[in-house]
Amino acid sequence: VQLQASGGGLVQAGGSLRLSCAASGRTFSSYSMGWFRQAPGKEREFVAAISDSGGKKNYADVVMGRFTISRDNAKNTVYLQMNSLKPEDTAVYYCVAGPGYQNAYYTIQPGSYIYWGRGTQVTVSS
């Protein structure tokens, strides 16, 4: 599976962006998908995850209520709608894919994901 993220850019605080991640391959619907991010000088952190069917979702506390993850299996695409953006949301955002969605703790572990996209830069100005 190859993942290509897009939709990043520069936005003012309080604004919105929608990230997309297009996946290659015919097995997209069998993978759980997620988003991680990494800001300069900081460790990579979990943002959101969604199960293969879309029925289960998990969010990091810092984005809960502002970000929404969704997927369209017919289009092999996962989305991250980001609203009320803050300067601290500035980071490179990575799309990930992996087998299974065991529980919330499982979804926040980078090792739960096999495939990683190249990332898209999101910059939020104050």
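The figures that follow rest on heavy atoms only: side chains count, while hydrogens, waters and symmetry mates do not.
Across all their heavy atoms, Ser70 and Val78 have their closest contact at O-CG2, 3.1 Å. Minimum interatomic distance between Val11 and Gly15 (heavy atoms only, all atoms of both residues): CG2-CA, 3.9 Å. Between Ala13 and Pro87 the shortest heavy-atom distance is CB-CD, 4.1 Å. Nearest heavy atoms, Ala5 versus Cys95: CB-CB, 4.5 Å. Scanning both residues, Tyr106 and Pro99, for their nearest heavy atoms gives OH-O, 3.0 Å. Across every non-hydrogen atom of Leu3 and Ala23, the tightest pair is CD2-CB, 3.6 Å.
A donor-acceptor contact under 3.5 angstrom links the side chains of Thr107 and Asn58, judged on distance only. Counting only N and O atoms by type, the side chains of Ser16 and Asn83 include a donor and acceptor under 3.5 Å apart.
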* **Test side-chain contact (heavy atoms from CB on, under 4.5 Å) applied to Thr120 and Val92, step by step** => CA-CA 5 Å; Thr120 185; Val92 177; over 6 Å; no
* Derivation and outcome, side-chain contact (heavy atoms from CB on, under 4.5 Å), residues Tyr31 and Ile50 -> CA-CA 9 Å; Tyr31 287 98; Ile50 187 168; over 6 Å; no
* Verdict with reasoning, Trp35 to Cys21, per side-chain contact (heavy atoms from CB on, under 4.5 Å) -> CA-CA 9 Å; Trp35 293 91; Cys21 176; 3.7 Å; yes
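Phe36 pairs with exactly one of Tyr113, Tyr94, Tyr93 by the ring pair (Phe, Tyr, Trp, His ring centres under 6.0 Å) rule, that one being Tyr113.
Under the 4.5 Å side-chain heavy-atom criterion for Ile, Leu, Val, Met, Phe, Trp and Tyr, Met82 and Ile69 are members of the same hydrophobic cluster. A continuous path of ILVMFWY side-chain contacts below 4.5 Å connects Leu19 to Phe28, so both sit in one hydrophobic cluster. Both Met33 and Met64 belong to a single network of hydrophobic side chains, linked directly or stepwise wherever heavy atoms of I, L, V, M, F, W or Y lie under 4.5 Å apart. Cluster membership for Leu10 and Leu17, using ILVMFWY side-chain heavy atoms within less than 4.5 angstrom, is not shared. When the side chains of ILVMFWY residues are joined at heavy-atom separations under 4.5 Å, either directly or via intervening members, Val122 and Val47 end up in a single hydrophobic cluster.
Taking OG of Ser20 as the start and CD of Gln81 as the end, the distance is 9.5 Å to the nearest 0.5 Å. Atom CG of residue Asn103 and atom NZ of residue Lys56 lie 9.0 Å apart, to the nearest 0.5 angstrom. Atom OG of Ser6 and atom CZ of Arg118 lie 13.5 Å apart (nearest 0.5 Å). Here the straight-line distance linking atom CD of Gln102 with atom OG of Ser51 works out to 13.0 Å at 0.5 Å rounding.
Under the rule for a salt bridge (Lys or Arg N to Asp or Glu O under 4.0 Å), Glu88 has no partner lying at least two apart in sequence or in another chain.
Surrounding CD of Gln4 are at most 12 heavy atoms belonging to other residues, nucleotides or ligands under 6.0 Å away. Within 6.0 Å of CD in Gln2 there are 12 or fewer heavy atoms belonging to other residues, nucleotides or ligands.
Of the possible polar contacts, none joining the Ser29 side chain to the Thr27 backbone as a donor-acceptor pair under 3.5 Å is found. Proximity of a side-chain donor or acceptor of Thr77 to a complementary backbone N or O of Asp72 within less than 3.5 Å is not detected.
Ion pairing between Arg37 and Asp89 holds under the 4.0 Å rule for side-chain N and carboxylate O.
Figure legend: Arg44 and Trp116 shown as a cation-pi pair, the cationic atom lying under 6.0 angstrom from the six-membered ring centre and within 45 degrees of its axis. With Tyr59 as the aromatic partner, Arg66 does not meet the cation-pi criteria of under 6.0 angstrom to the ring centre and within 45 degrees of the ring axis.
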